[in-house]
Amino acid sequence: MAATKFTAIYVNNEGKIIEREIPAMNTYKIAEKFAIMLNDPEETKLVCVIETWKLYPKENEKTEKKDNICDTE
């Protein structure tokens with residue numbers, strides 16, 4: 001498995017979502033261990049560990065919808 005950047009998603013006691021980026025590039029298993037170590041069980045609950053690029057799509061990716069209607073001049 002290739003190493004990549006990961007982000008841990010936590011929920012605090014008030015239900016607010018908190019994102020923390022895992023330091024350096026890691027495999028999923030190592031990122032999961034980091035997320036558990038960074039967690040404070042009295043204040044937050046670990047929800048998931050996800051690859052960062054899935055949270056923040058590439059800036060050059062097109063997000064606009066194009067119409068299929070032909071332009072008439």
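Quantities reported herein were computed from a predicted structural model and do not represent experimental measurements.
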Donor-acceptor list for residues 38-46 side chains, cut-off 3.5 Å, not counting sequence neighbours:
from  : atom 1 : to    : atom 2 : distance (Å)
Asn39 : OD1    : Thr44 : OG1    : 2.5
Thr44 : OG1    : Asp40 : O      : 3.3

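In this structure, CD on Glu51 lies 11.5 Å from CG on Asn26, to the nearest 0.5 angstrom.
Taking every heavy atom of both residues into account, Ile50 and Ile9 meet most closely at CG2-CG1, 4.4 Å. Considering every non-hydrogen atom in both Ala8 and Ile22, the closest pair reads CB-CD1, 3.9 Å. Annotation for Ala35 and Tyr10: closest pair O-OH, 2.7 Å, computed over non-hydrogen atoms. Summarising the geometry of Tyr28 relative to Val49, their closest heavy-atom pair is CE1-O, 3.6 Å, with the distance given to 0.1 Å.
Taking the salt bridge (Lys or Arg N to Asp or Glu O under 4.0 Å) definition, one finds that Lys5 meets it with Glu21, sequence neighbours left out. Residues that satisfy the side-chain hydrogen bond (donor to acceptor under 3.5 Å, both in side chains) test with Asn12, not counting sequence neighbours, are absent from this structure.
With hydrophobic clusters built from ILVMFWY side chains whose heavy atoms lie under 4.5 angstrom apart, Ile30 shares a cluster with Ile36.
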